[in-house]
Amino acid sequence: QGQLVESGGGSVQAGGSLTLSCAVSGYTYSSKCMAWFRQVPGKEREGVAAIFTRDKFTYYADSVKGRFTVSQDSAKNTVYLQMNSLKPEDTAMYYCAADFSRTEGALCEPRGPPFGAWGQGTQVTVSS
């Protein structure tokens, strides 16, 4: 059984940076759509970024564009979310997710068909 494990969350002041990691194990698909979502209690889950591992095609939500960067290290089977210029409204539980049905980068977005695998989440808190 595959597993996604997030790490790197924490507390930071506004304007600061954090890098989240998502270690992927147990999945042998040659290409995956890896996405980052976030959720605040009482609000809908928001997809913030995604990367298609085969061609490194990326997607960003407007709310994070220019501040967040999604990347991967294929050798380590790890996906990262570099978050800069953090704002209090970025405070949320961040989840990593994987999907193996999207067959091209242009379809790798954190919306639409559900993602099949999820991590347990890591909390990010940004204080003003």
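The first residue in the sequence is number 1, and the count goes up from there.
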Measuring only between side-chain heavy atoms, which start at C-beta, is Gln13 closer than 4.5 Å to Leu86?
no

For Leu20 and Trp36, run side-chain contact (heavy atoms from CB on, under 4.5 Å): C-alpha distance rounded to whole Å, both residues' side-chain angles, the deciding distance at 0.1 Å, then the answer.
CA-CA 10 Å; Leu20 306 184; Trp36 288 95; 3.6 Å; yes

Separation between OH of Tyr27 and CD of Gln1, rounded to the nearest 0.5 Å
5.5 Å

Tell me whether Arg54 contacts the main-chain N or O of Cys33 through its side chain, where contact means a donor paired with an acceptor under 3.5 Å.
no

Distance-only donor-acceptor check, side chains Glu6 and Ser21, under 3.5 Å
no

Value rounded to 0.5 Å, distance of SG in Cys108 from NZ in Lys32
11.0 Å

Please tell me if the side chains of Val124 and Met83 come closer than 4.5 Å, counting only heavy atoms from C-beta onward.
yes

Please verify the inter-ring angle class for Phe37 with Phe115; under 30° counts as parallel, over 60° as perpendicular, anything in between as tilted.
perpendicular

Please report the C-alpha distance between Leu107 and Phe52 in whole Å, then the side-chain angles of each, then the deciding distance to 0.1 Å, and finally whether the side-chain contact (heavy atoms from CB on, under 4.5 Å) criterion is met.
CA-CA 9 Å; Leu107 301 177; Phe52 193 63; over 6 Å; no

When the ring centroid of Phe68 is compared with that of Tyr60, is the distance short of 6.0 Å?
no

Is there side-chain contact between Thr125 and Val12, with heavy atoms separated by less than 4.5 Å?
no

Determine whether Tyr59 and Pro110 make a side-chain contact, defined as any pair of heavy atoms from C-beta on separated by less than 4.5 Å.
yes

Following the transitive rule for hydrophobic clusters with a side-chain heavy-atom cut-off under 4.5 Å over Ile, Leu, Val, Met, Phe, Trp and Tyr, establish whether Ile51 and Val48 coincide in one cluster.
yes

Heavy-atom closest pair (Pro88 atom, Ser127 atom, distance to 0.1 Å) is CG-C, 4.5 Å

With the 4.5 Å side-chain cut-off for hydrophobic clustering, are Val64 and Val126 part of the same group?
yes

Indicate the atoms forming the closest heavy-atom contact of Gly116 with Asp99, along with that distance.
N-OD1, 4.2 Å

Mind checking the CD-CD spacing from Gln120 to Gln3? Nearest 0.5 Å is all I need.
8.0 Å

Quick one: closest heavy-atom pair of Ala92 and Gln123, and the distance?
O-NE2, 3.4 Å

The complete set of side-chain hydrogen bond (donor to acceptor under 3.5 Å, both in side chains) pairs with one or both residues in residues 80-90, sequence neighbours excluded, reads Ser17-Asn84, Thr19-Gln82, Arg38-Asp90, Arg67-Asp90, Gln82-Asn84

Between Gln72 and Met34, does a side-chain contact (heavy atoms from CB on, under 4.5 Å) hold up when you go through it step by step?
CA-CA 9 Å; Gln72 63 172 1; Met34 300 296 302; 5.9 Å; no

Can you name the side-chain contact (heavy atoms from CB on, under 4.5 Å) partners of Ala23, sequence neighbours left out?
Thr78

What closest approach, in Å, do Gly119 and Tyr95 show between heavy atoms, and which atom pair accounts for it?
O-CD2, 3.7 Å

Is there side-chain contact between Val79 and Val70, with at least one heavy-atom pair below 4.5 Å?
yes

Side chain Arg102, main chain Pro113, donor-acceptor under 3.5 Å
yes

